[in-house]
Asks: 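Sending over a structure as structure tokens; questions will come in a sec.
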Amino acid sequence: MAVHQGARKSEMIGYEPNGAANASAEDLRSSYLQLLHLVERLHRQLLDVIKDELERLGQTDINSVQALLLYNIGDSELTPGELRSRGHYLGSNVSYNLKQLIDKGYIRDQRSNVDRRSKRVSLTQAGLEVRDRLAALYDRQLGSVEQVGGVDIALVETTNKTLQRLERFWADQVRFRL
């Protein structure tokens, strides 16, 4: 375990004089790195599942990222900045995909009455239909995730809690430059 010069032993996370922490720290490192890999891989896998569903339904004019964007907008009326701040999308990715979806008729955008520089976006009927198709996909998956995937409510709740803690931890890393 690396120790910063001047750090007190009581300040070192996991410090135990008998060396037990080293094994535990290495186990944590391995598991943490595996978790990072899984989070990234699961997001890509979700996009593949959505792509497959879109293709099955003959919806070939939008990609899975755009469909997920429509799903996440839902019934809301949001600014592009609000979409970015929710953490779903990267800055340029949002702008590009919103423009594509506006041009294809899935999203309507309106200038704000208060600040004419600001736009608000919402789904058109076509956008709502894509959102509903994804909702139906998720509902269909819910029908078998426990029996086939072995994922029950307790596991989902524990996983959600863990991921929320990691999200807060990572946000603090950026916010407080830890």
Side-chain angles (χ1 to χ4, degrees), residues 34-171 174-175:
Q34 181 183 13
L35 178 113
L36 296 178
H37 180 70
L38 282 170
V39 166
E40 182 182 3
R41 204 168 75 209
L42 284 170
H43 179 68
R44 284 194 309 267
Q45 188 70 41
L46 173 62
L47 293 176
D48 287 346
V49 167
I50 292 170
K51 178 181 180 266
D52 183 63
E53 181 72 3
L54 292 173
E55 288 173 354
R56 192 178 68 71
L57 296 170
Q59 184 89 43
T60 58
D61 60 333
I62 61 173
N63 63 41
S64 55
V65 171
Q66 293 167 341
L68 192 57
L69 181 61
L70 294 172
Y71 180 82
N72 287 319
I73 292 172
D75 292 325
S76 301
E77 185 177 287
L78 306 165
T79 66
E82 288 170 328
L83 284 169
R84 281 189 294 273
S85 69
R86 289 182 176 192
H88 296 294
Y89 312 96
L90 300 174
S92 62
N93 192 359
V94 170
S95 300
Y96 172 80
N97 283 311
L98 284 176
K99 181 173 179 354
Q100 292 289 311
L101 291 166
I102 290 167
D103 291 347
K104 293 176 182 177
Y106 291 98
I107 289 180
R108 75 175 65 81
D109 65 334
Q110 298 176 304
R111 293 269 178 214
S112 170
N113 292 332
V114 177
D115 181 356
R116 299 300 295 165
R117 297 171 295 169
S118 177
K119 285 186 178 182
R120 298 196 65 76
V121 297
S122 60
L123 301 186
T124 63
Q125 186 58 41
L128 290 169
E129 289 170 10
V130 172
R131 188 266 329 256
D132 291 346
R133 288 177 176 168
L134 284 187
L137 167 66
Y138 295 158
D139 287 343
R140 201 169 63 245
Q141 291 174 342
L142 281 170
S144 63
V145 71
E146 187 169 6
Q147 296 81 8
V148 177
V151 178
D152 63 10
I153 185 66
L155 184 58
V156 170
E157 288 175 348
T158 300
T159 303
N160 285 342
K161 190 174 192 177
T162 301
L163 291 173
Q164 288 165 348
R165 287 178 179 179
L166 280 170
E167 179 182 32
R168 189 169 41 249
F169 172 75
W170 289 336
V174 173
R175 185 178 310 120

Asks: Would you say the side-chain atoms of T124 pair up with the backbone N or O of G105, donor to acceptor, closer than 3.5 Å?
Replies: yes

Asks: Hey, is K161 close enough to E157 for a salt bridge, meaning N to O under 4.0 Å?
Replies: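 Salt bridge: no.
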
Asks: Of L128, I62, L134, D132, which is the lone residue that meets side-chain contact (heavy atoms from CB on, under 4.5 Å) with L70?
Replies: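 Of all the options given, the one that passes is I62.
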
Asks: I'd like to know whether CZ of R165 has more than 12 heavy-atom contacts from other residues, nucleotides or ligands below 6.0 angstrom.
Replies: no

Asks: Can you see which heavy atom on R120 is nearest to which on E77, and at what distance?
Replies: NH2-O, 2.6 Å

Asks: Just checking, is any N or O donor in the side chain of D61 or Q59 under 3.5 Å from an acceptor N or O on the other one?
Replies: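 Judged by distance alone, the side chains do pair up.
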
Asks: List the steps, then state whether side chain to side chain contact (heavy atoms under 4.5 Å, CB included) holds for L163 with V39.
Replies: CA-CA 9 Å; L163 291 173; V39 166; 4.2 Å; yes

Asks: Quick one: pull up CG in L47 and CD in Q45 and give me the separation to the nearest 0.5 Å.
Replies: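 One gets 9.5 Å once the value is rounded to the nearest 0.5 Å.
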
Asks: Looking at side-chain heavy atoms only, is the closest gap between L69 and L98 below 4.5 Å?
Replies: yes

Asks: Keeping the roles fixed (side chain from T79, backbone from K119), state whether a donor-acceptor pair exists under 3.5 Å.
Replies: no

Asks: Go through the steps to decide whether L123 and V130 satisfy the test side chain to side chain contact (heavy atoms under 4.5 Å, CB included), and finish with yes or no.
Replies: CA-CA 10 Å; L123 301 186; V130 172; over 6 Å; no

Asks: Please report the C-alpha distance between Y138 and I50 in whole Å, then the side-chain angles of each, then the deciding distance to 0.1 Å, and finally whether the side chain to side chain contact (heavy atoms under 4.5 Å, CB included) criterion is met.
Replies: CA-CA 10 Å; Y138 295 158; I50 292 170; 3.7 Å; yes

Asks: In sequence, state the C-alpha distance, the side-chain angles, and the governing distance for L83 and N72, and then conclude on side chain to side chain contact (heavy atoms under 4.5 Å, CB included).
Replies: CA-CA 9 Å; L83 284 169; N72 287 319; 5.5 Å; no

Asks: What distance separates L35 CG from T162 OG1, expressed to the nearest 0.5 Å?
Replies: 8.5 Å

Asks: Surrounding CD of Q141 (heavy atoms of other residues, nucleotides or ligands, distance under 6.0 Å), is the total greater than 12?
Replies: yes

Asks: Is there side-chain contact between V121 and L101, with heavy atoms separated by less than 4.5 Å?
Replies: no

Asks: Do the non-hydrogen side-chain atoms of S95 and R84 ever get within less than 4.5 Å of each other?
Replies: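 Side chain of S95 against side chain of R84, heavy atoms only: contact under 4.5 Å found.
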
Asks: Is it true that, when you exclude K99 itself, more than 12 heavy atoms of the residues, nucleotides or ligands shown sit nearer than 6.0 Å to its NZ?
Replies: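 Open: at most 12 neighbouring heavy atoms sit under 6.0 Å from NZ of K99.
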
Asks: Considering all heavy atoms of both residues, which atom of L54 and which atom of A67 are nearest to each other, and what is their separation?
Replies: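 Looking at all heavy atoms of both residues, the closest pair is CD1-CB, 3.8 Å.
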
Asks: About how many Å separate OG1 of T60 and NZ of K51, when rounded to the nearest 0.5 Å?
Replies: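 Between atom NZ of K51 and atom OG1 of T60 there are 11.0 Å.
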
Asks: Run the salt bridge (charged side-chain N to carboxylate O under 4.0 Å, His left out) test on E129 and R133 for me, step by step, so that the C-alpha distance in whole Å, both residues' side-chain angles and the decisive distance to 0.1 Å come before the verdict.
Replies: CA-CA 6 Å; E129 289 170 10; R133 288 177 176 168; 5.2 Å; no

Asks: Between atom CD of Q164 and atom OG1 of T159, what is the distance when rounded to the nearest 0.5 Å?
Replies: 10.5 Å

Asks: Does Q66 use its side chain to pair, donor to acceptor, with the backbone of N63 at less than 3.5 Å?
Replies: yes

Asks: Mind checking the CZ-CD1 spacing from R131 to I73? Nearest 0.5 Å is all I need.
Replies: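 Going from CZ on R131 over to CD1 on I73, the span is 11.0 Å.
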
Asks: Starting at CG of D48, measure out to CZ of R41 and round the result to the nearest 0.5 Å.
Replies: 12.0 Å

